[in-house]
Amino acid sequence: MSTKLTPPIEKLIEQVKQATELGSSYVIEGHATKSAIWKPEKGDLLSTKALNQVVEYDPSELVVTVQAGVSIVALEALLAESGQRLSFEPPLYAGQSPENKGTVGGMIASGLAGPRRPWSGGVRDSVLGLHLISGRGEYLRFGGQVMKNVAGYDVSRLMVGAMGCLGLITQVSLKVQPLPQGVSCYSWACSTTELLDRYAGWQRSMNPISGLAHDGSRAYLRLEGGLDSCSLFASRNDLTRCTGIKNNGDFWAGLRNHSLPFFEGDLPLWRLSVPPLTDLASVLESHSVSYLMDWAGAQYWVRAEQTDFLRQLVTQHGGSFCSYSCTNESDLNVAGSARGSVALGDMNGSILLIHQRLKSAYDPNGVFNVGALHESF
Amino acid sequence: MTIAHDERIDGPLSGWQRHELLAMFEKCLPAHCILSADEELKPFECDGLSAYRSQPQLVILPDTKEQLIVLVKCCAENKVPIVPRGAGTGLSGGAMAIDGGVMVSLTRMNQILNIDERRMTAKVQPGVRNLAISEAVQNLGLYYAPDPSSQIACSIGGNVAENAGGVHCLKYGLTVNNVLGVECILADGSLVQVGGDCLDNPGFDLLALLHGSEGMLALVTEVTVKLLPKPELCRTYLVSFDDVEKAGRAVGAVIGKGIIPAGMEMMDKLAIQAAEDFAHAGYPRDAQAVLICEMDGETSDVESLDAPLRAILTEEGATEIRMARTPEEQRKFWLGRKSAFPAVGRLAPDYYCMDGTIPKRQLPSVLKGIAALSEKYNLAVANVFHAGDGNLHPLILFDANIPEQLNKAEALGGEILALCVQLGGCITGEHGVGREKINQMCIQFEGSELEQFLATKKAFDPQGILNPNKNIPTLARCAEFGAMHVHDGQLPFPELERF
């Protein structure tokens, strides 16, 4: 099945082909809200701004298809009109202007998900198909607009988190979910260890949990589901709704969007990805660093000057860590600054080789986002 | 156009003879792992798609991953193609043997290695049966969600290779959404971990890419799966309609109103009657279509959705809504659906199961199209759908003993898949391309996209030894297939040389 290409896409293809001929590179840019977590080597900016169309949305299909330059805020507003949402709660980082809080293309390329991730899946779990322009300037379509599709390799999901290194995503089809009937938030003082132990018990039977976090002194719990199941869960477990409900709702938005006071300030910010229910509280406290535990212990945000103990910690738990404050050029020279480069550096040689070969297969001339994921490509 | 390997368009075979392969592997593997006698090889001549048969020259049954590594290294050195096989329940000929190659059956690697109660995960070998995982954690109140119809027999390694679905994937996802990590052997024999216990990992999402790759990118040696708590309450509704299109619309209406059933299955009149004759499930014989709608979750949620669900279904024209009152009745409702394939098998000597997927709103159009095609080819088609996610399993009835009927069934099936693509869907939702749908891939994708797939394969397997010539057709094959299906006087891939 062939696709009719619109002028903005034809123009992008032309630009890519030009770069191929000239041997130049591009840095793909949407709203430029994620500059703290990645920094490709230099290249001309290639904006997805012109790709601003909603291609198709039929709520009864639970599928929405949008172009890469559509803002996440606009997409979420569109879905909300039909009582639906993105399940993975993509972060909306502050951008150059209030309405520019990230594009769909950046959301897919970065693969970042919010507090609901452990219960509703990540970006990859919602991606059904996408179109992209390869480094050869070819327009390619993978996956589709249907829930199940095993024709060919799952290239669509490969693009999630690939940081734009494998091609320019032009449009994506996403599975969406209905809004829950009820949402309630709770917060109380307890230790991280105590919270994780309670959660270990809760998760063994059905529950409406959609957020579990700890800031070093207080537990935060969010429930989403049927009205009855939320209130029943709360009463069974003796949870009293915290008095400042509004503030508590703000906590979850602040955690998702990195707008809590914790994320302000100059100390370098690190993200640790570890297996769920990993309790790092005592180690982090012994180093006197402040932290936020999210994802029921599968994700920690840490503010620290030195990284040696973080490296040890994630290695010990089979996880990885990366910087969220690579704001200047010199940061790139610090081990572990570029997103994921620590673990990629430690990566099995065969796996690194596959990464390099995939890069060559999709972008043989190094047109897109060189160095965004790894120094070697 | 036949799906059989044609060296002219699919590329040359390795040329290895059985005695040469035997000599090669006897040197490095224990004798009990090697099957080479005709009577031992016979059971491996086909997978669940029995219309296509090809007896392997040699079958290796490794006990351990160390043996598997030795085998892959030997194959890499000598450029011997490897066809991996799990339980052999696949429905697309993905485990069809190739001449000059060796088949590797992973059924002996069938141990559950670890169950992590606190993190609710299980680490298992690839030969472990899908249902065996749920059985092993039943006492903990947990289960493994993806449930392909073959779950009693199919293996988890095969589930990863095909990205298997099932009747509950609208709510609980496919295999790719329920696997946290795999350990696998690459084409050069190196053992690597992809994914793991964390929710994300640095680098490309190779774990997603491996799912549904039909054993062409790596051989899986361990799989870590997510376990879920069993639902508190599960209710099953049998809903009748006097019009199959109304049933189709009802599916979209329920989901559009924010109700996500755990399963939403649809059967048409021919399938209903066959299932009823076979299973005596109490299905309404006079209905034009039935929906089996399953709601699960926390007791209060499931109970509170009963009234809205009934209201929507009634508004969409349901003639009867029956809720299973007892576990026995619930089992019967499902028995009818789950025995639909064997039941239809009694209507004709053979049936051919298709696996197209469409956007749900196209259900009425596709039903009309299938009816017209059924008439054109004069072959009956019974329709069984995973309606909730738009995955169709039309069953084409035929008799292989009548000359040309298999060809007719194949041609009819091919047209149904082309119709799915035309309506915005795809040629396979969960059974995979394998060898069966290799020609239809030329309809789904353009040459540049197929080339990108081939380049992806090459990144993992530069020599092309892992399950070669499955899933992705060569452009030469598409050129020849396209020549038979010329559209608007345009020959696809006119620039291509034939070899």
Side-chain angles (χ1 to χ4, degrees), chain A residues 1-2 58-62 83 117-118 121-122 124-125 134 138 140-142 144-155 157-158 160-162 178 200 203-206 225-226 228-229 232 273-277 295 298 318-320 340 343-344 347-348 350-351 354-355 357-358 361 373, chain B residues 118-120 141 162-163 165 170 173 177 186 190 192 196-205 208-209 211-213 229 231-232 252 255-256 258 297-298 300-301 304 357 359-361 389-391 421 424-430 432-433 441 444-446 448-449 452-453 455-456 459-460 472:
Chain A
M1 295 280 281
S2 57
D58 180 347
S60 71
E61 299 285 342
L62 296 179
R117 168 67 179 90
R124 70 185 307 257
D125 297 294
S134 75
E138 290 172 320
L140 308 171
R141 311 146 312 142
F142 298 105
Q145 292 175 278
V146 286
M147 293 290 164
K148 289 157 99 178
N149 186 343
V150 290
Y153 303 124
D154 198 344
V155 175
R157 287 194 173 91
L158 177 65
V160 178
Q203 65 159 359
R204 290 293 291 275
S205 50
M206 292 221 91
D228 294 340
S229 57
L232 267 172
S273 175
V274 286
L277 283 152
W295 293 6
S320 61
L344 272 185
M347 195 177 263
N348 173 304
S350 305
I351 291 285
I354 286 179
H355 276 71
R357 287 196 197 134
L358 282 171
L373 196 68
Chain B
R118 186 170 159 93
R119 293 205 164 110
M120 304 213 306
E162 301 295 333
N163 192 14
L170 177 65
N177 310 112
L186 299 172
S190 54
V192 297
D197 298 322
C198 303
L199 298 183
D200 51 34
N201 300 278
F204 298 143
D205 195 342
L209 194 57
H211 280 83
S213 66
E232 280 176 14
I255 293 166
E298 290 156 273
S300 59
D301 288 349
S304 70
T357 296
K360 283 187 291 288
R361 63 176 176 279
D389 44 35
N391 189 194
V421 174
C426 73
I427 59 170
T428 174
E430 57 184 3
V433 174
M441 283 291 281
Q444 180 96 63
F445 293 103
E446 296 194 35
S448 53
E449 290 152 358
Q452 197 61 63
F453 285 140
T456 306
F460 282 81
I472 319 295

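Lettering of chains follows the sequences in order, A, B, ..., and the numbering in each one begins at 1. Every value quoted in this text rests on a predicted model; they were computed, and no experiment measured them.
Residues A:Val146 and B:Asp389 have side chains not in contact (no heavy-atom distance under 4.5 Å, counting atoms from C-beta outward). A:Ser320 places none of its side-chain heavy atoms less than 4.5 Å from the side chain of B:Asn201. Contact check for B:Glu446 versus A:Arg141: side-chain heavy atoms found under the 4.5 Å cut-off. B:Asp200 is listed as a side-chain neighbour of A:Trp295, based on a closest heavy-atom distance under 4.5 Å. Side-chain contact check for B:Asp197 versus A:Val274: every heavy-atom pair is 4.5 Å or farther apart. For the pair A:Ser205/B:Glu232, no side-chain contact is recorded, criterion being any heavy-atom separation below 4.5 Å from C-beta on. At a threshold of 4.5 Å between non-hydrogen side-chain atoms, the residues B:Gln452 and A:Phe142 count as touching. By the 4.5 Å heavy-atom criterion applied to side chains, B:Asn391 and A:Met147 are not counted as neighbours.
Going from atom NZ of A:Lys148 over to atom CD of B:Glu430 covers 3.5 Å, rounded to the nearest 0.5 Å. Rounding to the nearest 0.5 angstrom, the gap separating the CG atom in B:Leu209 from the OH atom in A:Tyr153 is 8.5 Å.
Heavy-atom pairs under 4.5 Å with chain A were tallied for B:Pro359, B:Gly429, B:Gly390, B:Gly173; the largest tally goes to B:Gly429. Per-residue counts of heavy-atom pairs under 4.5 Å with chain B were compared for A:Ala162, A:Pro59, A:Gly226, A:Ser229; the largest is that of A:Ser229. If you tally non-hydrogen atom pairs under 4.5 Å between each of B:Gly256, B:Gly196, B:Ala459, B:Cys426 and chain A, the highest count goes to B:Ala459. For the set B:Gly252, B:Gly165, B:Ala455, the count of heavy-atom pairs under 4.5 angstrom toward chain A peaks at B:Gly252. Options A:Gln145, A:Arg124, A:Glu138 differ in how many heavy-atom pairs under 4.5 Å they form with chain B, and the most are formed by A:Arg124. In terms of heavy-atom pairs under 4.5 angstrom with chain B, the leader among A:Val160, A:Leu277, A:Val155 is A:Leu277. Contacts with chain A were tallied for B:Gly212, B:Ser213, B:Gly425; B:Ser213 has the most, counting heavy-atom pairs under 4.5 Å. Between chain B and the options A:Ala361, A:Gly144, A:Pro275, the largest number of non-hydrogen pairs under 4.5 Å is found for A:Pro275.
By the 4.0 Å N-to-carboxylate-O rule, B:Asp205 lies too far from A:Arg157 to be salt-bridged with it.
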B:Thr428 vs A:Asn149, side-chain contact (heavy atoms from CB on, under 4.5 Å): CA-CA, chis, key distance, verdict: CA-CA 6 Å; B:Thr428 174; A:Asn149 186 343; 5.6 Å; no

Test log, rule side-chain contact (heavy atoms from CB on, under 4.5 Å), inputs A:Leu140 and B:Phe445: CA-CA 9 Å; A:Leu140 308 171; B:Phe445 293 103; over 6 Å; no

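Residues satisfying the side-chain contact (heavy atoms from CB on, under 4.5 Å) test with B:Lys360, not counting sequence neighbours, are A:Glu61, B:Val251, B:Ile255. By the side-chain contact (heavy atoms from CB on, under 4.5 Å) test, A:Pro178 is found to be paired with A:Leu62, B:Ile260, residues two or more places apart in sequence or in another chain being considered.
The contact between B:Leu199 and chain A is made by backbone and side chain atoms together, counting heavy-atom distances below 4.5 Å. For A:Asp58, the part sitting under 4.5 Å from any heavy atom of chain B is the side chain, from C-beta outward, and nothing else. Only the side chain of A:Leu232 has a heavy atom closer than 4.5 Å to any heavy atom of chain B.
Remark: the B:Ser304 side chain and the A:Asp228 side chain contain no N/O donor-acceptor pair separated by less than 3.5 Å.
No side-chain donor-acceptor contact under 3.5 Å links A:Arg204 to the backbone of B:Gly141. Of the possible polar contacts, one joining the B:Arg119 side chain to the A:Pro276 backbone as a donor-acceptor pair under 3.5 Å is found. Listed for the A:His355 side chain is a donor-acceptor partner under 3.5 Å among the backbone atoms of B:Phe204.
The two atoms that bring B:Ile472 and A:Gly152 nearest to each other are CD1-CA, 3.9 Å, heavy atoms only. Closest of all the heavy-atom pairs between B:Arg118 and A:Gln203 is O-NE2, 2.6 Å. Nearest heavy atom pair, residue B:Val192 against residue A:Ser350, reads CG1-CB, 4.1 Å.
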